[in-house]
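These notes concern the structure reproduced below.
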Amino acid sequence: MTIPMVKAEGVHKSFGAAHILKGIDLEVAPREVFCLIGPSGSGKSTFLRCINHLEKVNAGRLSVDGQLVGYRQKGDKLYELRDSEVALQRRDIGMVFQRFNLFPHMTAIENVMEAPVQVKGESKAVARARAERLLDRVGLSDKAGNYPTQLSGGQQQRVAIARALAMEPKLMLFDEPTSALDPELVGDVLDVMRGLAEDGMTMIVVTHEMGFAREVGDALVFMDDGVVVESGHPRDVLTNPQHDRTKSFLSKVL
Ligand SMILES: Nc1ncnc2c1ncn2[C@@H]1O[C@H](COP(=O)(O)OP(=O)(O)OP(=O)(O)O)[C@@H](O)[C@H]1O
Ligand SMILES: [Mg+2]
């Protein structure tokens with residue numbers, strides 16, 4: 001039996017009185033492209049943020065590659081990890097947001113080199129060599145010296161992907177990576193993600209790109225109001241949804 005890359009069991013999350021995640025159960029297998037869709041406010045970003053412990057879950061268990069996120073278990077008791085231990089866990093998880101969040105005062109290649117040098121203490125020469133390879137992989141070798149303001153949105157997003165990959169994560173989380181882009185820039189970013197999928201990266205992708213989900217996704221979950229309503233192979237869920245809520249959502253986005 002292979003260990004799931006991500007396993008959520010009865011995950012609950014509230015913000016004050018607002019109950020946002022209401023018992024999420026799901027499993028993401030290694031090398032799987034796992035797509036997450038659902039209406040605005042259904043809790044998709046919150047769930048991603050729980051996976052890398054930017055948010056603490058209120059109940060349930062969440063593990064990445066067999067390790068509990070944010071906790072250590074001794075007997076049947078859970079102990080919170082120290083910040084430094086959480087930071088170590090987070091190193092293995094790359095996250096790409098809707099907004100690219102590049103460091104504005106650094107060039108593309110400096111953005112990609114930053115974390116390995118600062119967080120892992122890697123030499124600049126090693127970090128630079130990797131950053132060059134990664135920028136090549138996302139099709140931006142010729143933009144290494146550009147600052148974020150000198151790049152299109154799509155190019156910035158591809159630098160953001162290269163920056164996340166520089167930490168050599170075992171899991172990549174994408175939160176609507178193309179939804180802030182002009183339509184003509186979306187394709188290049190999706191192509192980079194498709195390449196990552198072909199190379200076997202485990203990815204959870206929150207997206208409204210149903211074409212991508214259908215072609216590249218191995219699994220798809222429809223979430224509404226903090227629960228998983230329906231899940232299955234993307235082709236099945238998208239072409240033959242079983243639940244009224246899924247049908248109604250898809251009729252609006254397809
Ligand atoms: N830090 C927070 N404090 C209070 N409420 C929050 C916080 N973060 C999220 N929420 C609330 O949780 C709910 C779910 O938000 P979330 O961002 O997870 O939705 P989403 O499915 O990603 O939506 P969208 O498609 O618009 O990105 C929303 O009602 C939001 O207002
Ligand atoms: Mg969101």
Side-chain angles (χ1 to χ4, degrees), residues 6-28 33-62 64 69-70 80 83 86 90 93-102 153-154 156-157 160-161 164 171-183 185-186 189-190 193 202-214 216-217 219-232 234 237-238 241 243-254:
V6 176
K7 183 167 183 167
E9 300 164 273
V11 167
H12 287 258
K13 175 68 190 174
S14 299
F15 294 107
H19 195 180
I20 304 301
L21 299 180
K22 302 172 179 169
I24 301 286
D25 295 291
L26 57 81
E27 272 189 36
V28 180
V33 177
F34 190 98
C35 299
L36 194 51
I37 64 171
S40 182
S42 56
K44 306 179 299 294
S45 297
T46 302
F47 181 65
L48 286 192
R49 291 169 59 79
C50 288
I51 293 175
N52 64 0
H53 211 56
L54 292 171
E55 301 290 352
K56 224 182 259 185
V57 308
N58 300 113
R61 296 163 65 97
L62 196 50
V64 172
V69 174
E80 257 184 71
D83 287 351
V86 171
R90 212 175 271 149
I93 304 172
M95 186 145 185
V96 176
F97 303 91
Q98 183 174 355
R99 295 260 156 221
F100 333 114
N101 306 112
L102 294 176
Q156 288 182 55
Q157 192 61 305
I161 293 172
L171 169 68
M172 286 283 286
L173 308 177
F174 291 90
D175 195 352
E176 300 194 33
T178 59
S179 55
L181 300 177
D182 292 337
L185 303 177
V186 168
V189 173
L190 293 180
M193 294 169 63
T202 311
M203 304 162 50
I204 302 182
V205 185
V206 175
T207 187
H208 295 297
E209 296 291 334
M210 301 302 160
F212 176 86
R214 188 184 289 117
V216 184
L220 181 138
V221 153
F222 170 66
M223 218 169 122
D224 191 13
D225 199 20
V227 298
V228 171
V229 174
E230 186 161 352
S231 62
V237 179
L238 294 176
H243 292 260
D244 287 344
R245 279 199 277 178
T246 320
K247 287 177 194 165
S248 143
F249 175 75
L250 290 176
S251 72
K252 286 176 210 141
V253 297
L254 282 178

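Heavy-atom basis, side chains included; hydrogens, waters and symmetry copies ignored. All ligand and atom numbering here is 1-based and tracks the order in the structure. Note that the coordinates shown come from a computational prediction; the quantities given were computed from them, not determined experimentally.
- Proximity of C50 to L21: side-chain heavy atoms (C-beta onward) are separated by under 4.5 Å at one or more points.
- Shortest contact from atom 17 (O) of ligand 1 to any protein heavy atom: S45 CB, 3.6 Å.
- When all heavy atoms of I24 and V227 are compared, the pair lying nearest together is CD1-CA, 4.0 Å.
- Coordination check, S45 versus the Mg ion (ligand 2): passed, since an N/O/S atom of the residue sits under 2.8 Å.
- Distances between N or O atoms of E55 and those of ligand 1 include no value under 3.5 Å.
- Closest protein heavy atom to atom 25 (O) of ligand 1: K44 NZ, 2.8 Å.
- Checked by atom type and distance alone, the side chain of K44 never pairs as donor or acceptor with a backbone atom of I37 at under 3.5 Å.
- Polar contact check, S42 against ligand 1: a nitrogen or oxygen pair lies under 3.5 Å apart.
- Between the choices G16, G38, G41, the shortest heavy-atom distance to atom 20 (P) of ligand 1 belongs to G41.
- Checked by atom type and distance alone, the side chain of Q157 pairs as donor or acceptor with a backbone atom of F97 at under 3.5 Å.
- For atom 14 (C) of ligand 1, the nearest protein heavy atom lies closer than 4.0 Å.
- Comparing heavy-atom distances from atom 19 (O) of ligand 1 across A18, S14, G43 singles out G43 as nearest.
- Atoms of ligand 1 lying under 4.0 Å from any heavy atom of P39, numbered from 1 in the order shown and given with element: 21 (O).
- Side chains of V228 and D25 form no contact here, defined as non-hydrogen atoms less than 4.5 Å apart.
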As a quick check of understanding, evaluate side chain to side chain contact (heavy atoms under 4.5 Å, CB included) for L171 and I51, giving each step before the final call. CA-CA 10 Å; L171 169 68; I51 293 175; 4.0 Å; yes
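- Under the 4.0 angstrom criterion for non-hydrogen atoms, M223 is not in contact with ligand 1.
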Using side chain to side chain contact (heavy atoms under 4.5 Å, CB included), reason through L190 and V186 one step at a time and then give a plain yes or no. CA-CA 6 Å; L190 293 180; V186 168; 3.6 Å; yes
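- The shortest non-hydrogen separation linking R245 to D224 is CD-OD2, 3.0 Å.
- The protein heavy-atom contact nearest to atom 26 (O) of ligand 1 is S40 OG, 2.6 Å.
- Among all non-hydrogen protein atoms, the one lying nearest atom 27 (O) of ligand 1 is E176 OE2, 3.5 Å.
- Closest to atom 18 (O) of ligand 1, if we only count protein heavy atoms, is T46 OG1, 2.5 Å.
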Report the C-alpha separation of F47 and V206 in whole Å, then their side-chain angles, then the decisive distance to 0.1 Å, and conclude whether the side chain to side chain contact (heavy atoms under 4.5 Å, CB included) test is met. CA-CA 10 Å; F47 181 65; V206 175; over 6 Å; no
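- The shortest side-chain heavy-atom distance between V6 and F34 does not fall under the 4.5 Å cut-off.
- For atom 30 (C) of ligand 1, the closest non-hydrogen atom of the protein is I20 CD1, 5.0 Å.
- Geometrically, ligand 1 and F15 share no nitrogen or oxygen pair separated by less than 3.5 Å.
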